[in-house]
Amino acid sequence: MATVSKKICLVGDFSVGKTSLIRRFVDRQFSDQYLSTVGVKISKKLIDSTSLKLPEGDKFQLMVWDIEGRTDYKPIDVSYLRGASGIIIVSDSSRMETVENLDRHLQMFQQVNPKGSVVIAFNKADLIEPSMLTKVMGLHSFAHESQVVATYATSAKTGDNVDKMFLELSQSILNG
Ligand code: G3D
């Protein structure tokens, strides 16, 4: 029996729903760990072989990093991304500028970990018409496509696709 532990980060513009997605996935089980100097909150989630393809009895622990309380659009510090096996880049589907910024975040991660797994979240999917959402998602192409494991329309409000997205990223990290 073994537990594999991996770090992932949520990145994206201010107020796109990063913290809400983590809350939804981690079921409000927040770690007390708070690195006040950098304002990072780390939540842990243990996943077993009922949700992931793991050797029988093994467990997978995700350490989910979130920069809390940011109210500006300054670029994040790359040190936050160091050691991350994967990232979820989040946009707010109802705010086009946050969708346009997805690539910028992807490029930053690419520089730190060119082999890491990336999932793109078009969050707040509950706020826009499905046909509009399809259009917004279709508009986008990424500079480093090969790193993008999946693209999801999510809603932290309804829970739509949230678990699925975190689990797909976890499986991709596990598969190496
Ligand atoms: P951030 O961590 O990216 O900065 P937050 O974003 O998770 O703090 O969310 C910012 C605001 O968006 C919050 O509202 C939150 O409730 C809302 N939000 C997050 N995800 C969704 C979603 O999927 N659908 C909808 N409708 N709202 C969402 P407040 O009002 O607290 O600022």
Side-chain angles (χ1 to χ4, degrees), residues 6-45 62-110 112-113 116-140 142 148-170:
K6 296 284 179 187
K7 169 183 172 179
I8 66 163
C9 295
L10 278 272
V11 299
D13 288 356
F14 167 64
S15 202
V16 291
K18 301 180 291 299
T19 303
S20 305
L21 286 167
I22 297 169
R23 286 214 173 111
R24 179 54 89 168
F25 179 63
V26 181
D27 297 323
R28 295 175 195 283
Q29 292 169 31
F30 283 102
S31 129
D32 290 327
Q33 222 171 331
Y34 185 74
L35 310 178
S36 57
T37 46
V38 280
V40 171
K41 181 120 184 189
I42 303 166
S43 310
K44 295 182 205 165
K45 174 93 173 179
L62 262 194
M63 310 288 291
V64 187
W65 287 48
D66 181 27
I67 296 181
E68 289 220 312
R70 286 173 62 91
T71 53
D72 55 53
Y73 294 88
K74 270 191 260 158
I76 54 165
D77 191 319
V78 286
S79 62
Y80 166 70
L81 297 174
R82 250 175 231 134
S85 303
I87 57 167
I88 297 178
I89 311 178
V90 187
S91 62
D92 173 344
S93 313
S94 67
R95 280 193 294 141
M96 244 357 250
E97 73 275 15
T98 71
V99 174
E100 280 155 13
N101 280 336
L102 286 168
D103 220 29
R104 201 165 47 77
H105 297 289
L106 177 57
Q107 278 173 33
M108 188 179 249
F109 183 59
Q110 221 268 335
V112 178
N113 184 355
S117 303
V118 177
V119 166
I120 308 285
F122 291 85
N123 193 41
K124 307 198 189 181
D126 58 287
L127 290 182
I128 68 169
E129 289 290 319
S131 60
M132 191 55 171
L133 185 60
T134 310
K135 227 181 238 171
V136 169
M137 291 176 77
L139 275 178
H140 220 75
F142 299 97
V148 179
V149 174
T151 296
Y152 280 102
T154 58
S155 170
K157 188 172 179 182
T158 66
D160 231 27
N161 277 334
V162 177
D163 285 4
K164 228 173 159 181
M165 172 178 73
F166 276 95
L167 292 175
E168 180 151 6
L169 181 62
S170 303

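Counting starts at 1 for both ligands and their atoms, following the listed order. Everything numeric here is computed off the predicted structure, so don't read it as measured data.
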Summary of salt bridge (charged side-chain N to carboxylate O under 4.0 Å, His left out) pairs that have at least one residue in residues 153-165, sequence neighbours excluded: none

Proximity flag Gly12 to ligand 1, non-hydrogen atoms under 4.0 Å: no

Proximity to ligand 1 by part of Leu127, non-hydrogen separation under 4.0 Å: side chain

Cation-pi, Trp65 ring and Lys41 (6.0 angstrom, 45 degrees): no

CA sep, side-chain torsions, deciding dist, call: Lys124, Asp92, salt bridge (Lys or Arg N to Asp or Glu O under 4.0 Å): CA-CA 6 Å; Lys124 307 198 189 181; Asp92 173 344; 3.3 Å; yes

Ligand 1 versus Asp126: contacting region, heavy-atom distance under 4.0 Å: side chain

Exercise: identify the closest heavy-atom pair between Lys7 and Leu81: NZ-C, 4.1 Å

Atoms in ligand 1 with a heavy atom of Ala156 nearer than 4.0 Å: 20 (N), 22 (C), 23 (O)

Min side-chain heavy-atom separation Asn123-Ser91 under 4.5 Å: no

Ligand 1 N/O within reach of Phe14 N/O, cut-off under 3.5 Å: no

Numbered atoms of ligand 1 (with element) below 4.0 Å of Asn123, judged on heavy atoms: 20 (N), 21 (C), 23 (O)

Check: Ala125 N/O within less than 3.5 Å of ligand 1 N/O: no

Thr154, any N or O under 3.5 Å of ligand 1 N or O: no

Derivation and outcome, side chain to side chain contact (heavy atoms under 4.5 Å, CB included), residues Val99 and Val136: CA-CA 8 Å; Val99 174; Val136 169; 4.0 Å; yes

Side-chain touch Phe166/Ile88, heavy atoms, less than 4.5 angstrom: yes

Enumerated ligand 1 atoms positioned under 4.0 Å from heavy atoms of Ser155: 23 (O)

Location of contacts on Thr19 toward ligand 1, heavy atoms closer than 4.0 Å: both

